[in-house]
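In what follows, every chain begins at residue 1, and chains take the letters A, B, ... in the order their sequences are listed.
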Amino acid sequence: MLTKRIIPCLDVKNARVVKGVNFIGLRDAGDPADLAGFYMNEGADELVFLDISASDERRSTLIEWVEAVADRIFIPFTVGGGISTAEQARRIINLGADKISINTSAVKRPSLIRECSSLLGKQAVVVAIDAKKVSSQKWEVYIQGGRIATGIDVLEWSLEAEKQGCGEILLTSIDRDGTKEGYDLDLIEKVANHVAVPLIASGGAGTVSHFREGFEHGCDAALAASVFHFGEIRIKDLKKYLKANSMAVRISDEQF
Amino acid sequence: MIGIIDYRIGNIGNVARALKYMGFDHRVIKRPPKDIHNISVLFLPGVGAFKPAMASLEDLGWVDFVRSWTERGNPLLGICLGMQLLFTRSFEEEECSGLGLVEGTVELLPFKKSPHMGWNDVSWSSDIPGVFADHIPSGSFFYFVHSYGIPSSREEMGFSMVDGVRFTSAICSSNIMGFQFHPERSGGNGLKLLQAAMKYFGEECPE
């Protein structure tokens, strides 16, 4: 049976993981490869890295850390941040990433999704959507890191992204992001029922039950950052909880 | 030495990384080699679409090479699209002949959500070689990403289920083996499986 995936998300700036990672026993809490190895051993099913460097710095630093992560882990990882051409996407895949994620540039030019998927296969193309609630059953797409409203409806955009050939949608609730109040379950349910590609839910996880609720509302994977980085939730404990609640998860005891 | 076929389809670096981690002597090969004496096992990786992959294999001269390689009983391991290419034909987009080393067809699998993406369990067939069953329990999890696949095969070594849809996720036919999932992306289970496969092929396993 296909299991529900747990995905820690790491922000990287100038080849360093930022936004607070606080672990005891980690050699270098800012090193993307060390952290990737740590999370693989914790039982993460995949990892997502978002490079938030300015574009000049990103160009010069991406090569070293993406390759170092690929050398360290034997689980899939996605790299996003500032990708605006299929050629840039190809370079990241060639460095060893399994998938790339695109957001703002895909909204501005939806054919970028098709260009990336014909070059790399749709399995390598994740479209990230930042959604903000505008009324009880309506969400609007935001771009530029959630700063700029587009007037585009989230359901329409997710369907268009699927049509253009993405392999997966990473859906973040701007309203819930950082609140630890739980995922936006209505949003998850609406998008999950609207598209046939796998859905990663993001934004708002604060407790183990939030993950369970997300999965119950139709997402295939659940992404979180701070609850993992600050050790508030251990992935091993989370998976035990999900399993005890009759959810299919992958339990692993590997150490590399 | 393990030869990894680079036919310009997808990223083959992670297969090489997994072999390197386990200490296997390996080399990425871009053209069919004239001297094959130092190659013991061939890997055929690949992601993406069937038809362009087959065209690329043909253009680079791999189709004839791989056919005569396996005819002489040499070991070949296909991963993901690389496994699908081993079969007779594919119905992805339009019909296209494969390498024809294993009888069967590649078809769109009727999953509710597609691609089938994530960790799924693989149940071994009862007649699986002992070297696999001894090291990797039936029901172990591996990482999958695919929409098309093999509905069934006489050479089935393992199968998986998605939403009640059963398909062949691993094959073994004496010197030809294939995995629909990505052992190089499947953590410790994947590495153990690659090790078992190399042992099955008589490749010396570094400690």
Between [X] and [Y], what is the shortest heavy-atom contact and its length?
| X | Y | answer |
| --- | --- | --- |
| Thr3(A) | Phe141(B) | CG2-CE2, 3.2 Å |
| Pro115(B) | Gly167(A) | CD-O, 3.6 Å |
| Pro76(A) | Trp119(B) | CD-CZ2, 4.3 Å |
| Gln123(A) | Val145(B) | CB-CG1, 2.8 Å |
| Ala70(A) | Asn14(B) | CB-OD1, 4.0 Å |
| Arg5(A) | Tyr143(B) | NH1-OH, 4.4 Å |

Under 4.5 Å heavy-atom distance to chain A, tell me which part of [X] shows up: side chain, backbone, both or neither.
| X | answer |
| --- | --- |
| His182(B) | neither |
| Lys112(B) | backbone |
| Leu81(B) | neither |

Quiz item: If you check every heavy atom in residues 38-60 of chain B against those of chain A, which residues fall under 4.5 Å?
Solution: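 Against chain A, the residues of residues 38-60 of chain B that fall inside the cut-off (heavy atoms, under 4.5 Å) are Val47(B), Gly48(B).
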
Quiz item: Residue by residue, which of residues 152-170 of chain B have a heavy atom closer than 4.5 Å to a heavy atom belonging to chain A?
Solution: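 Only Met161(B) of residues 152-170 of chain B have a heavy atom under 4.5 Å from chain A.
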
Interchain contact, [X] with chain B, by part (heavy-atom threshold 4.5 Å):
| X | answer |
| --- | --- |
| Ala97(A) | backbone |
| Leu95(A) | backbone |
| Lys122(A) | side chain |

For chain A, find which of [options] contributes the most heavy-atom pairs closer than 4.5 angstrom.
| options | answer |
| --- | --- |
| Ile12(B), Asp121(B), Ile9(B) | Asp121(B) |
| Met117(B), Lys20(B), His146(B) | Met117(B) |
| Ser140(B), Gly188(B), Ala18(B) | Gly188(B) |

Count the heavy atoms of every other residue, nucleotide or ligand shown that sit under 6.0 Å from [atom1] of [X], and state whether that count exceeds 12.
| X | atom1 | value |
| --- | --- | --- |
| Glu103(B) | CD | no |
| Met1(B) | CE | yes |
| Arg67(B) | CZ | yes |

Quiz item: Picking from Asp220(A), Leu2(A), Ile73(A), which has the most non-hydrogen pairs under 4.5 angstrom with chain B?
Solution: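 Most heavy-atom pairs under 4.5 Å with chain B: Leu2(A).
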
Quiz item: If you count heavy-atom pairs under 4.5 Å between each of Met40(A), Lys99(A), Lys4(A), Glu162(A) and chain B, which one has the most?
Solution: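 Counting heavy-atom pairs under 4.5 Å, the top option is Lys99(A).
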
Quiz item: So do the side chains of Asp98(A) and Arg185(B) get within less than 4.5 Å of each other, counting heavy atoms only?
Solution: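 With C-beta onward as the side chain, the pair touches.
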
Quiz item: What do the steps show when you test Glu67(A) against Arg17(B) for side chain to side chain contact (heavy atoms under 4.5 Å, CB included), and what is the final call?
Solution: CA-CA 11 Å; Glu67(A) 263 193 326; Arg17(B) 284 185 171 97; 3.8 Å; yes

